[in-house]
Amino acid sequence: MFEAYLKALSLFRPEELKVLIIDNASFHSTKNINISDNIKLIRIPPYTPELNPCEKYGNI
């Protein structure tokens with residue numbers, strides 16, 4: 001599903017570079033998928049709740 005999302009995203013305004021910051025969730029696994037040249041993935045370190053907005057929800 002993540003690969004299908006990346007493919008659809010790459011086709012939207014293909015002249016633009018898309019930069020996605022991803023966490024280490026299993027569905028973000030990118031070992032065997034093709035990523036278009038107009039998409040760059042940046043992984044956050046394994047345990048950095050301060051960089052992941054959904055982790056802050058429990059601290060409100």
Exercise: identify the closest heavy-atom pair between N34 and E3: N-OE2, 3.7 Å
Distance in Å, R43 CZ paired with I21 CD1, rounded so as to fall on 0.5 Å steps: 13.0 Å
Side-chain touch L20/L9, heavy atoms, less than 4.5 angstrom: yes
Among L41, N38, L6, whose side-chain contact (heavy atoms from CB on, under 4.5 Å) with K18 holds? N38
I'd like to check the side-chain contact (heavy atoms from CB on, under 4.5 Å) partners of E15; sequence neighbours left out, ordered by chain and number. R13
Would you say the side chain of L17 lies within less than 4.5 Å of the side chain of I39, judging by non-hydrogen atoms? no
